[in-house]
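Reckoned from all heavy atoms, side chains included, excluding hydrogens, waters and symmetry mates. Since the structure is predicted, the reported quantities are computational estimates derived from the model, not experimental observations.
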Amino acid sequence: MKTVFALVDCNNFYASCEKLFRPDLRDTPVIVLSNNDGCVVARSREAKALGIKMGVPVHHIRSEIRLHGIHLFSSNYTLYGDLSRRVMTTLEALAPRVDVYSIDEAFLDLSGVERVVPLRDFGHQVKDIVVQNTGLPVCVGIAPTRTLAKLANYAAKKYRATEGVVDLTDTGRQRRLMALAPVDEVWGVGRKISAKLQAMGITTALKLADADPATLRKQFSVILERTIRELNGIACIPWEDAPQPKKQIMCSRSFGSPVKALPDLEEAVVQFASRATEKLRKGGQYAGTLMVFFRTNSFRTELPQYSNSASVGLITPTQDSRVIVQQVLSLLRPMYRPGYGYAKAGVMLSDLVNKAIIQEDFFANPSPDQDDRAARLMSVMDEINRRSRTKVCSARQAGPAAYAMRKEHLSPAYTTDWRQLPGVT
DNA sequence: TCTGGGGTCCTAGGACCC
DNA sequence: TCTGGGGTCCTAGGACCC
């Protein structure tokens, strides 16, 4: 049986989520901003039509915002995460296998579907059911490999005549589309590689597909070789039988205003360490290495700059917030220098393992019994934090702090907080 | 152009071993 | 002080993705 992939991708996901609860903004250009309201991370169709570019700092487009009455939203990940789950649940009911690839897209296994219904028709069914269940518009790209499905999705978004669905299982259609697609639209070809390819005369997806994989592997890497094979219809990224466990967990933030004093910096990294460890426990994992970093604002070149990072390996991997917080603080303190305004800090947990393969530390103090008590304490803490708004946390995490993020245009938690349900008047 | 918070994978090069 | 060849492991950095 021929393998067939579909890539389902939400249109302007964050902007569509915001519009869902604001029908009054139906035809208004809308943009969603990154943390701290820094730059543009999503644009509605109308905003794209106005030429607002992805990633621009919001203060560069103040005049356009005023001129065209563009509506701003701070990012509301609680809302987007909840709506994403609804989309994915819908997709899981429609296909035997679903790979959630990011917050707004998923690969579906459509192998065998064409014996029952034409693939293009099935794509339209998927699209209609998702919009019916969630209110969110999606596009569907169908092809024999993930890389081609990505390209099909690009075409479905770009060309109106496709009505949001492109079936690229036919080789002739693949080549016609690839001849039109700039090489940087290929999945896996970013800014650097695209520039090098262009210099070699490889300007379209088709020229890349027809290039010699062995030669390009030598000049680039196996990843690009794989991309070439995928463009030629050879699937190189198979289905995973089990979801792959995380390899690292990161928690970092830019601060709303510069942080100068050690206690404030400590408070921030304690927060990050706690949040990262919570994610760790949610996945049932233990961290073997932790890293902390912080830095001044490198864009303010007129100001003195300082950044540093340090990591430590634990003898026994842990998921105990108290241990991780202690370690992070003892890494941070000797690195801290007064006299700088710090703009960002973060904590990373890595060398993650499951409990089953943990090597006990022969000389460690806590007996297995104490270890057990630590585990119970952590799970009680997590449970309380899930249920209540008053968070239980280590004494160092106070809030709202000096480094709080700017979020001046935040929409309500429409779907995850009873008190913020949208009203009908 | 430089703005955000996550992630993954690959490669080159150094340290170290025989 | 210089001379060989081969291997592994780890880390840092780069490139990509959303």
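Comparing C:dC17 with B:dG4, their C1' atoms are spaced 14 Å from each other, to the whole Å.
Applying the side chain to side chain donor-acceptor pair (under 3.5 Å) test to every pair with at least one member in residues 238-247 of chain A, sequence neighbours left out, gives these pairs: A:Glu240-A:Gln244. Sequence neighbours left out, not one pair with a member in residues 51-72 of chain A passes side chain to side chain donor-acceptor pair (under 3.5 Å).
Nucleic acid contact for A:Phe220: none, since no nucleic acid atom lies under 4.0 Å from a heavy atom of the residue. In this structure, A:Leu33 reaches neither bases nor backbone, as no heavy-atom distance under 4.0 Å exists between it and the strands shown. At a threshold of 4.0 angstrom between heavy atoms, the contacts of A:Val189 are confined to the sugar-phosphate backbone, with no base atom among them. If you check every strand for non-hydrogen atoms under 4.0 Å, A:Val222 touches sugar and phosphate atoms only. Using a 4.0 Å heavy-atom criterion, one finds that A:Gln248 contacts the bases of the nucleic acid, with or without backbone contacts as well. Here A:Lys53 lies out of heavy-atom contact (under 4.0 Å) with every strand. Backbone-only engagement by A:Ile249 is indicated by non-hydrogen atom pairs under 4.0 Å involving sugar-phosphate atoms exclusively. Nucleic acid contact for A:Lys150: sugar-phosphate only, since backbone atoms but no base atoms lie under 4.0 Å from a heavy atom of the residue.
A:His409 is not listed as a side-chain neighbour of A:Glu18, based on a closest heavy-atom distance of 4.5 Å or more.
There is no side-chain donor-acceptor pair under 3.5 Å between A:Arg322 and A:Gln326.
Between A:Arg175 and A:Asp210 there is a salt bridge, since a side-chain N of the basic residue sits under 4.0 Å from a carboxylate O of the acidic one.
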Ignoring hydrogens and angles, write down the donor-acceptor pairs under 3.5 Å from the side chains of residues 337-349 of chain A, residues two or more places apart or on other chains.
{"from": "A:Arg337", "atom 1": "NH1", "to": "A:Pro334", "atom 2": "O", "distance (Å)": "3.0"}
{"from": "A:Arg337", "atom 1": "NH1", "to": "A:Met335", "atom 2": "O", "distance (Å)": "3.2"}
{"from": "A:Tyr342", "atom 1": "OH", "to": "A:Arg337", "atom 2": "O", "distance (Å)": "2.6"}

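Between A:Lys247 and A:Ser252, the one whose closest nucleotide on DNA chain B sits nearer the 5' end is A:Ser252. Nearer the 5' end of DNA chain B, as judged by each residue's closest nucleotide, is the contact made by A:Gly55, out of A:Gly55 and A:Pro245.
For A:Phe293, there are no ring-ring contact (aromatic ring centres under 6.0 Å, His included) partners, not counting sequence neighbours.
Between A:Tyr101 and A:Trp187, the ring planes are perpendicular. Angles over 60° get that label, and only those under 30° would be called parallel.
Note that the first and last nucleotides of DNA chain C, 5' to 3', having any atom under 4.0 angstrom from a heavy atom of chain A are C:dA15 to C:dC18.
A stem is defined here as three or more consecutive Watson-Crick or G-U pairs, each with both distances under 3.5 Å; for DNA chain C these stems are B:5-18 with C:5-18.
Rounded to the nearest 0.5 Å, atoms CD1 (A:Ile70) and OG1 (A:Thr28) are 10.5 Å apart.
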